[in-house]
Amino acid sequence: MRGSSVADVVVIGSGAGGGTVAHVLTGLGVRVTLLEAGPLLNPARDYKEHKTPADYPHRGAGGDAESYFGRKDFGFFNAPNGWWEIDEEPYTTAQGTQFRWFRSRILGGRTNHYGRISLRFADYDFKPSLLGDGIGADWPVTYDDIAPYYDKAERFIGVCGTREGIRTAPDGQYLPAPAPRVHEVLIQKSAARLGIPCIPSRMAILTRPHNGRPACHYCAECGRGCITASNYSSSQVQIFPALKTGRLTVIPNAMAREILTGPDGRATAVSYVDKTTRTERQIRCRVVVLAASACESARLLLNSRSSRHPDGLANSSGAVGRNLTDTVGYSLSGRIPALEGMPKHNSDGYAGGHLYMPWFGLEKKNKEFPRGYHIEIGGGYNMPMVGSFNGVCRAQEGYGAGLRKAILDSYGCTVGFAGRGEMIPNAGSYCDIDPHTVDRWGIPVLRFHFKWSDHELRMVRHMHDTFASIIEGMGGRVLGPRSLDDPSRAISAPGAIIHELGTVRMGSDPRSSALNQYGQAHDTKNVFVADAAPFVTNPDKNPTLTICAMAWRASEYIADSMKKGDL
Amino acid sequence: MDATRRSLLRSAAVAATLGQLDAQTMQHVHQHAAEAKRQGNGVYAPKALNAHEFKTVVLLADLIIPPEATEPGGTGAGAPEYIDLLCSGSDRMARIWQGGLAWLDAASRTRFHSAFLDAAPSQRTELLDLIAYRRNDSPELGPGIEFFDWARRMVVDAYFTSPAGVKALGFQGNTGMATFQVPAEALTYALKRSPFGAG
C-alpha cells in the first residue's frame with residue numbers, strides 16, 4: 001500500500017513544527033503522512049508525573065546507577081525524550097570545537113518534556129535592523145505578519161500569562177496566571193529595586209479547562225509529561241486529535257534518509273529506513289515538509305544530493321547548515337535567610353517559575369553586548385530526588401545530626417536564576433556532513449563546528465552581576481564565587497540549552513537564504529521547512545511558540561497553494 | 001484497594017479521556033500511586049555486597065543519618081538496600097563501595113586492630129571524623145575521604161527520598177490541587193524577615 005499511492009503531504013518529524021503542520025493541514029482537509037524516527041507514545045504508560053522516588057527500589061537513580069555516572073536520558077522520571085548522545089545515531093565535532101546535539105526520538109519529540117515557556121518574539125527580534133546595531137540579518141517577515149498566527153497558536157494550545165505592555169515581551173492571548181510563590185515575591189521586589197520587571201511567565205499550561213482539556217492540577221512535574229494533557233505537547237494536543245480526523249497517517253520508527261527529486265528538480269518522494277526491520281522504503285508525495293529539528297532538517301537536505309542539486313536540496317545559496325546558534329545560558333543560585341524556618345506548605349504550582357524577567361536593557365546606551373537575555377527563576381519546596389542535597393553535602397561535609405539539620409534547614413531556602421540570551425550567528429558556527437561516518441541506518445552524520453564570540457561572553461558576565469545583585473538585594477548570599485573570573489568556563493556548553501536553530505535560514509534573497517517567508521525552498525517549490533531551522537535570529541525567547549506560529553502560517557500557505565494548483 | 005477507590009480510579013481514567021478531571025479525583029489517583037508502592041518485606045538478601053560489607057553499610061547509614069526518637073535513620077530508610085541494589089547493577093558502583101569498605105576496615109585495623117564493625121563506637125567516630133572532611137586530605141586518608149563522600153551522598157539520597165525523609169523535610173507537593181495558592185502566613189513570615197518588610 002505504501003509507496004503505491006501518492007500522499008498529499010509528507011511531514012518529517014512530529015514535534016512542535018510537525019505536530020502543528022499535521023493539526024492545521026488535516027483541519028483544512030489535506031491528507032498528511034507523518035514520519036517519526038522514534039516509537040509511538042503512550043502517555044498512560046510513559047508518563048511518571050505522579051510517581052515519587054520511594055515508588056522504586058532504585059529511587060530513580062536507575063538500576064545501573066546512571067544518576068551517579070552520567071545519564072543516558074533526562075533521568076528516570078522524565079517524559080521519554082532522548083538525550084544528547086544516542087548510540088545508534090552519532091554525530092561528530094570538528095577538532096577543537098564542542099557541540100552537543102539533543103535528539104528526541106518519540107512521537108511528540110521534545111514537546112513531551114520541554115519547559116512550556118511560550119514567549120513571543122518582539123518586533124526587533126524579527127527585524128534587528130530596528131536596533132541600529134548593524135549586527136545580523138532581518139527576517140523576511142515582521143512581527144505584524146506573525147502576530148495573527150501567535151494568536152491562533154496561543155488560543156489553540158492554551159497559554160497562561162498576563163498582558164504587560166512591555167516591548168521586549170509582546171503580549172498574547174492568555175489564560176489567567178497562577179499566584180507567585182513566596183520566593184518569587186521576594187525576587188520580584190528585589191528586581192523592582194534594580195528596575196527589572198518581573199512578570200507572570202507565559203506558559204503553555206492550562207489554568208482553566210480549555211478546548212476539551214482539563215485545567216492543570218498543579219503537581220509540578222510537567223517535564224515528566226502530563227497524563228491529563230493540561231500542558232502542550234504536540235503528541236497529545238495535536239497529533240492524537242488529528243488522527244481522529246481520519247486524514248493523518250503516522251509511520252513510527254521511520255528514519256528519513258533522503259528526499260528524492262525528479263528530472264524537473266521537484267521533490268517526488270521521501271526515502272526512509274524502517275528502523276524495526278532496517279529496510280529502506282519510499283513514500284511518494286506532492287509536498288514534503290521537513291520538521292525534523294533544525295539540524296536534522298539541515299542534515300536531510302545536505303544528504304539529498306542529485307545532479308540538479310549537487311550541494312544538497314534547497315542549497316544553491318550554500319546557506320544550509322550555516323548560521324547555527326544556541327541560546328546563551330548561565331545559572332547562579334543564592335541562599336535566602338528570609339525563607340529559613342518559613343511555615344512549610346505545598347509550593348508546587350506548575351513546573352517552572354510562575355514569574356520571569358523579560359529583557360530589561362533595551363533602552364540602555366553603551367551596552368557591553370548586543371541584544372539581551374531573559375531570566376528564569378527557580379526555588380520552593382521541590383520533590384526530594386536523588387541528588388537534591390548534593391550541594392548541601394558538599395558544603396556542610398561531616399555526618400550525623402548536624403548534617404541532617406543542615407539539610408532540613410536548607411530545604412526550600414535556595415533560589416536559582418537562569419539567563420537565556422541571544423547568540424549572534426557567526427561564521428565559525430555551522431554543521432556539515434562528516435565525510436567518514438554513517439549512523440546505524442547508513443545515513444551520513446553531521447559534523448559540528450561552534451564558537452561563542454565575545455558578544456556572548458560579555459553577556460554572561462552581565463548575567464552574573466545581575467543575578468548576584470538580585471540575590472543580595474533580597475538579603476541573600478551567592479552560592480559559589482561572588483565574582484565571575486572566566487565567562488568562557490561559565491557559559492552553557494553549545495547545544496546544552498537545546499535551542500539550536502538557524503541552519504536552513506529563510507530570507508527574501510535566494511542567494512543568501514534557502515527558504516522564503518513561508519519556509520518554502522527557493523529552489524524547490526514543493527519542499528518546506530517548518531521547525532526552527534528557518535529562524536534568522538535566535539532571540540532571548542524560547543523558540544517553541546514561534547515554531548508553532550510559523551508552522552501554522554506555512555500550513556495555511558501550503559493548503560492554499562494546493563487548492564490553487566500551485567503545488 | 002477498596003471498591004470506592006477502584007471506581008474512582010476508573011472514573012478518573014474515563015474523565016481524563018473526556019477532558020474532565022476534578023482535583024479531588026486527581027488526589028485519589030495520587031493516593032493510589034502512593035499506596036501501590038507499599039509491599040510487605042521479608043529479610044533483605046544482599047545482591048552485591050557480602051554479609052560483612054552489608055552489615056558495615058547498615059552501621060554507616062545510621063551514623064550518617066542517625067535515627068531520631070521514633071523516626072528511622074539512614075538504615076531504617078532503606079539506604080543499605082538501595083546501595084546494594086545499585087552496586088548489583090553497576091560494576092563501577094560495586095568497586096566504589098567494596099573498595100571503600102575494604103579501605104575502611106584496613107584503616108580501622110591499622111589504628112584499632114579490628115575491623116570497622118568491631119571497633120568501639122568512639123573509635124569509629126574517630127576515624128569518620130577524619131574522612132568526613134576534605135581539609136584532612138592526605139595520601140594516607142585520600143581514598144577514605146573519597147569513599148565517605150560517596151557514602152554520605154548516597155545515604156542522604158536514600159534517606160531524603162524515603163517516606164521518613166520526605167516527612168522530615170515537610171514536602172507536601174505532587175498532589176492534585178484545584179487552585180494554586182500560597183498561605184498568607186508563609187508570605188508574611190518571609191517578607192517580615194526580608195529587606196522589604198511586612199508591607
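Only a predicted model underlies this, so the values are computations on that prediction, with no experimental measurement involved. Sequence lines set the chain letters: A, B, ... in the order given, protein chains first and strands last, and positions in each chain run from 1. Atom set for the values below is all heavy atoms of this structure, side chains included, hydrogens, waters and symmetry mates excluded.
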A.B. asks: Measure distances from B:Ile131 to the heavy atoms of chain A and classify the residue's part below 4.5 Å as side chain, backbone, both or neither.
C.D. replies: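 Neither part.
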A.B. asks: For B:Ala158, is it the side chain, the backbone, both, or neither that has a heavy atom closer than 4.5 Å to a heavy atom of chain A?
C.D. replies: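 When you check distances to chain A, atoms from both the backbone and side chain of B:Ala158 fall under 4.5 Å.
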A.B. asks: Taking side chain as everything from C-beta outward and backbone as N, CA, C, O, which of these in A:Asn211 sits under 4.5 Å from a heavy atom of chain B? Side chain, backbone, both or neither.
C.D. replies: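 Neither part.
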A.B. asks: About how many Å separate CG of B:Leu169 and NZ of A:Lys344, when rounded to the nearest 0.5 Å?
C.D. replies: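 Reported value, rounded in 0.5 Å steps: 6.5 Å.
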A.B. asks: Would you say the side chain of A:His345 lies within less than 4.5 Å of the side chain of B:Pro183, judging by non-hydrogen atoms?
C.D. replies: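 The answer is yes; the side chains approach within 4.5 Å.
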A.B. asks: How far does CG of B:Asn174 sit from CZ of A:Arg224, to the nearest 0.5 angstrom?
C.D. replies: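 Answer rounded to 0.5 Å: 6.5 Å.
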A.B. asks: Would you mind telling me which of A:Tyr381, A:Phe389, A:Tyr350 has the largest number of heavy-atom pairs within less than 4.5 Å of chain B?
C.D. replies: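 The option with the most such pairs is A:Phe389.
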A.B. asks: Counting only non-hydrogen atoms closer than 4.5 Å, does A:Thr207 touch chain B with its backbone (N, CA, C, O), its side chain (CB onward), both, or neither?
C.D. replies: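 Contact with chain B involves no heavy atom of A:Thr207 at all.
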A.B. asks: What's the separation between atom NZ in A:Lys189 and atom CG in B:Leu191, rounded to the nearest 0.5 Å?
C.D. replies: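 Reported to 0.5 Å precision, the distance equals 6.0 Å.
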A.B. asks: Side chains of A:Thr52 and B:Thr161: does their closest heavy-atom pair fall under 4.5 Å?
C.D. replies: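 Not in contact.
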A.B. asks: Please flag which part of A:Arg394 lies under 4.5 Å from any non-hydrogen atom of chain B: side chain, backbone, both or neither.
C.D. replies: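 The answer is neither part of A:Arg394.
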A.B. asks: Between A:Tyr411 and chain B, which part of the residue has a heavy atom less than 4.5 Å away: side chain, backbone, both or neither?
C.D. replies: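 It is the side chain, since no backbone atom gets that close.
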A.B. asks: Do you know which of A:Gly349, A:Ser67, A:Pro178, A:Gly475 has the most heavy-atom pairs under 4.5 Å to chain B?
C.D. replies: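 Highest number of pairs under 4.5 Å: A:Gly349.
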A.B. asks: Which atoms of A:Asn390 are under 4.5 Å from chain B, going by heavy atoms: the side chain, the backbone, both sets, or neither?
C.D. replies: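 Side chain of A:Asn390 only, per the 4.5 Å heavy-atom cut-off to chain B.
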A.B. asks: Nearest heavy-atom pair of A:Ala54 and B:Pro163: which atoms, and what distance?
C.D. replies: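 Closest approach of A:Ala54 to B:Pro163: CB-CD, 4.1 Å.
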A.B. asks: Quick one: which of A:Ala401, A:Gly412, A:Pro53, A:Pro384 has the most heavy-atom pairs under 4.5 Å with chain B, could you say?
C.D. replies: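 Max contact count across the listed options: A:Pro384.
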A.B. asks: Measure up the B:Phe180 and A:His354 rings against each other and bin them: parallel (under 30°), tilted (30 to 60°), perpendicular (over 60°).
C.D. replies: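 Judged by the thresholds at 30° and 60°, the geometry between B:Phe180 and A:His354 is perpendicular.
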A.B. asks: Return the minimal non-hydrogen interatomic distance between A:Ala61 and B:Leu86, and the atom names on each side.
C.D. replies: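 Heavy atoms of A:Ala61 and B:Leu86 come nearest at CB-CD2, 3.8 Å.
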A.B. asks: Out of A:Asp348, A:Leu339, A:Asn382, which one racks up the most heavy-atom pairs below 4.5 Å with chain B?
C.D. replies: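 Maximum pair count with chain B is reached by A:Asp348.
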A.B. asks: Find out whether A:Tyr56 and B:Leu85 are in side-chain contact, i.e. whether some heavy atom of one side chain is under 4.5 Å from a heavy atom of the other.
C.D. replies: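 Heavy-atom side-chain distance check fails, nothing below 4.5 Å.
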A.B. asks: Check each atom of A:Met385 against the heavy atoms of chain B and say whether the ones under 4.5 Å are side chain, backbone, both or neither.
C.D. replies: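 A:Met385 touches chain B through backbone heavy atoms alone.
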A.B. asks: Checking heavy atoms, do the side chain of A:Glu66, its backbone, both or neither come under 4.5 Å from chain B?
C.D. replies: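 When you check distances to chain B, no heavy atom of A:Glu66 falls under 4.5 Å.
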A.B. asks: Measure distances from B:Thr188 to the heavy atoms of chain A and classify the residue's part below 4.5 Å as side chain, backbone, both or neither.
C.D. replies: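 For B:Thr188, neither part sits under 4.5 Å from chain A.
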A.B. asks: Supply the atom-to-atom distance A:Glu397 CD to B:Asn136 CG, rounded to the nearest 0.5 angstrom.
C.D. replies: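 These two atoms lie 8.5 Å from each other.
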A.B. asks: Would you mind checking which part of B:Asp91 comes under 4.5 Å of any heavy atom in chain A, side chain (CB onward), backbone (N, CA, C, O), both or neither?
C.D. replies: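 For B:Asp91, neither part sits under 4.5 Å from chain A.
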A.B. asks: Testing the basics here: between A:Phe69 and B:Ser90, what is the closest heavy-atom pair and its distance to 0.1 Å?
C.D. replies: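 Smallest heavy-atom distance, with atoms named: CE1-OG, 3.4 Å.
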A.B. asks: How far apart are the closest heavy atoms of B:Pro195 and A:Arg193, and which atoms are they?
C.D. replies: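 Nearest heavy atoms, B:Pro195 then A:Arg193: O-NH2, 3.5 Å.
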A.B. asks: Rounded to the nearest 0.5 Å, how far does CD1 of A:Ile407 lie from CZ of B:Phe160?
C.D. replies: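 Answer rounded to 0.5 Å: 4.5 Å.
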A.B. asks: Flag the pair B:Tyr82 / A:Val386 as yes when at least one side-chain heavy-atom distance between them is below 4.5 Å, and no otherwise.
C.D. replies: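 A side-chain contact under 4.5 Å exists here.
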A.B. asks: What part of A:Leu186 lies closer than 4.5 angstrom to a heavy atom of chain B: side chain, backbone, both or neither?
C.D. replies: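 Contact with chain B is through both the backbone and side chain of A:Leu186.
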A.B. asks: Highest number of heavy-atom pairs under 4.5 Å with chain A: which of B:Glu81, B:Glu185, B:Gln181, B:Arg92?
C.D. replies: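 Looking at each of B:Glu81, B:Glu185, B:Gln181, B:Arg92 in turn, B:Arg92 comes out on top.
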A.B. asks: Please report whether the ring centroid of A:Tyr399 lies less than 6.0 Å from that of B:Phe148.
C.D. replies: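 Ring centres of A:Tyr399 and B:Phe148 closer than 6.0 Å.
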A.B. asks: Identify the two heavy atoms, one from B:Ala190 and one from A:Met342, that lie closest to each other, and give their separation to 0.1 Å.
C.D. replies: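 What the structure gives for the nearest pair is CB-SD, 3.9 Å.
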A.B. asks: Are any non-hydrogen side-chain atoms of B:Asp157 and A:Arg59 less than 4.5 angstrom apart?
C.D. replies: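 Result no, sub-4.5 Å side-chain heavy-atom pair not found.
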A.B. asks: Where is the tightest heavy-atom contact between A:Cys393 and B:Val156, given as atom of each residue plus distance?
C.D. replies: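 It is SG-CG2, 3.7 Å.
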A.B. asks: Considering only heavy atoms, which portion of B:Ile83 lies under 4.5 Å from any heavy atom of chain A: side chain, backbone, both, or neither?
C.D. replies: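 When you check distances to chain A, no heavy atom of B:Ile83 falls under 4.5 Å.
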A.B. asks: Need one label for A:Ala220: side chain, backbone, both or neither, based on atoms under 4.5 Å from any heavy atom in chain B.
C.D. replies: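 For A:Ala220, no heavy atom lies under 4.5 Å from chain B.
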A.B. asks: How long is the straight-line distance from CD1 of A:Ile187 back to OG of B:Ser194, given to the nearest 0.5 Å?
C.D. replies: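 Going from OG on B:Ser194 over to CD1 on A:Ile187, the span is 12.0 Å.
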A.B. asks: Can a donor-acceptor pair be found between the side chains of A:Tyr68 and B:Arg153 at a distance below 3.5 Å?
C.D. replies: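 No pair is found: no donor N or O on one side chain lies under 3.5 Å from an acceptor on the other.
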A.B. asks: Select, from A:Glu221, A:Arg181, A:Glu340, the one with the greatest count of heavy-atom pairs under 4.5 Å involving chain B.
C.D. replies: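 So the answer, after comparing A:Glu221, A:Arg181, A:Glu340, is A:Glu340.
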A.B. asks: Tell me, out of A:Ala44, A:Gly341, A:Ala229, who's got the most heavy-atom pairs with chain B below 4.5 Å.
C.D. replies: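 Counting heavy-atom pairs under 4.5 Å, the top option is A:Gly341.
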